[in-house]
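Here is how names work: the chains are called A, B, and so on, in the same order as the sequence lines, proteins then strands, and each is numbered from 1.
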Number of protein chains: 2
Amino acid sequence: MVAGPLPAPSGPGKDRLRLWIRLLRASRTIEAELRERLKKEFNTTLPRFDVMAALYRAPEGMLMSDLSRFLLVSNGNVTGIVDRLVSEGLVARARRNGDRRTSMVRLTEEGSRTFATIAAVHESWIGELLGKVSEDDARRLTGMLTSFRSNWEGRE
Amino acid sequence: MVAGPLPAPSGPGKDRLRLWIRLLRASRTIEAELRERLKKEFNTTLPRFDVMAALYRAPEGMLMSDLSRFLLVSNGNVTGIVDRLVSEGLVARARRNGDRRTSMVRLTEEGSRTFATIAAVHESWIGELLGKVSEDDARRLTGMLTSFRSNWEGRE
DNA sequence: GCAAATTATTTCAAGCTTAAAGTTTCATAT
DNA sequence: ATATGAAACTTTAAGCTTGAAATAATTTGC
């Protein structure tokens with residue numbers, strides 16, 4: 001997956017393969033840096049941050065299944081992360097719907113404050129780490145990735 | 001990180017944040033699909049595939065530390081993955097250098113054959129999954145990501 | 001009503017991942 | 001020689017991740 005710079009492959013379809021490799025390396029590099037900073041600066045993790053980011057955008061709360069769909073991870077995974085966030089007092093489960101299978105998950109007051117703080121710094125990190133990409137290129141790239149995604153989605 | 005499509009953020013630096021989010025979602029989506037197919041079709045995993053891909057390009061073998069640097073993962077991580085590949089007979093460690101701290105890791109005959117098979121299919125998957133990206137856009141995107149990376153590297 | 005199928009979530013086992021601590025080996029400077 | 005430190009690797013503990021199995025609640029079809 002992360003095959004690299006050495007023997008530049010050629011042939012039909014190689015451009016897409018090369019694109020995929022770059023994409024993966026870019027995101028892994030940035031992810032690693034963010035993970036390290038989140039740990040050092042805020043003593044938290046990327047998955048926790050992801051969950052909190054999703055919940056921050058949904059003040060009314062989200063179902064576990066919404067979270068897992070949105071974050072592109074498995075159900076069982078979300079259970080564990082939310083468990084930890086709950087035990088840290090940042091997130092609360094409310095099982096008081098008509099449907100008693102579900103639980104509405106939302107940020108606590110503290111969770112919301114905490115996330116806002118981290119998110120601001122996080123955004124400045126992204127600005128720093130992607131600083132060499134011009135805003136113009138950023139928009140262009142985003143557009144390409146978006147159309148790729150919307151095309152690809154709706155399979156399976 | 002994987003914050004999504006709903007309330008389009010705006011302001012200075014928001015373009016880069018949005019780019020990062022798309023980048024991450026794109027790579028996670030593809031990664032998830034590849035992981036699933038590797039499991040179903042070849043009963044293997046992405047990390048194993050990554051290690052084998054790296055070794056395939058280095059017939060003379062690689063040190064553990066080379067592997068971990070190249071794959072952008074930690075040392076301890078590589079130890080575990082190589083352990084499993086060794087126990088599956090796909091990879092061999094040779095501790096016969098002058099330097100007895102190191103071990104040269106390489107694919108076995110079987111590992112090499114196995115990887116070649118998987119890699120061919122893998123490439124066709126990428127072609128399929130990125131099919132909607134024109135070869136032209138693929139080259140352009142790759143260029144942007146490359147320059148981003150080479151600019152960003154050399155920090156730390 | 002009620003059995004069967006579906007949906008939402010949790011639990012579990014196996015594997016991946018990191019950071020930090022530990023082990024062994026090597027290089028250097030006394 | 002021998003300490004001192006650095007380098008290569010492994011081990012460990014904690015957490016993330018998946019896919020599959022288990023639980024529980026709801027919905028559907030008779």
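Considering only side-chain atoms of B:Asp99, the nucleotide from C:dC26, D:dG19, C:dT10 that sits closest is C:dC26.
A:Arg69 comes within 4.0 angstrom of no nucleic acid atom, judged by non-hydrogen atoms across all strands. In this structure, A:Thr102 reaches the sugar-phosphate backbone alone: every heavy-atom distance under 4.0 Å involves primed, P, OP1 or OP2 atoms, never a base. When heavy atoms are screened at a 4.0 angstrom cut-off, B:Gly80 is found touching no nucleic acid atom at all. Within the 4.0 angstrom heavy-atom criterion, base atoms lie near A:Ser74.
DNA chain D is contacted by both A:Gly98 and A:Ile81; A:Ile81 maps to the nucleotide lying nearer its 5′ end (nearest heavy atom per residue). Ranked by how close their nearest DNA chain D nucleotide is to the 5' end, B:Met104 and B:Lys39 are led by B:Met104.
The existence of a salt bridge linking A:Arg28 and B:Asp50 is confirmed by a sub-4.0 Å separation between a basic side-chain nitrogen and an acidic carboxylate oxygen. One finds a salt bridge joining B:Glu88 and B:Arg48 here, because a Lys/Arg side-chain nitrogen approaches an Asp/Glu carboxylate oxygen to under 4.0 Å.
At C:dT18, one or more side-chain N or O atoms of B:Asn77 fall inside 4.0 Å of OP1 or OP2 (strictly under the cut-off). Put simply, A:Arg100 has a side-chain N or O that comes within less than 4.0 Å of OP1 or OP2 on D:dT26.
Aromatic ring centroids of B:Phe115 and B:Phe49 lie under 6.0 Å apart.
Annotation: cation-pi pair A:Arg25/B:Phe70 present, NZ/CZ under 6.0 Å from the ring centroid and within 45° of its normal.
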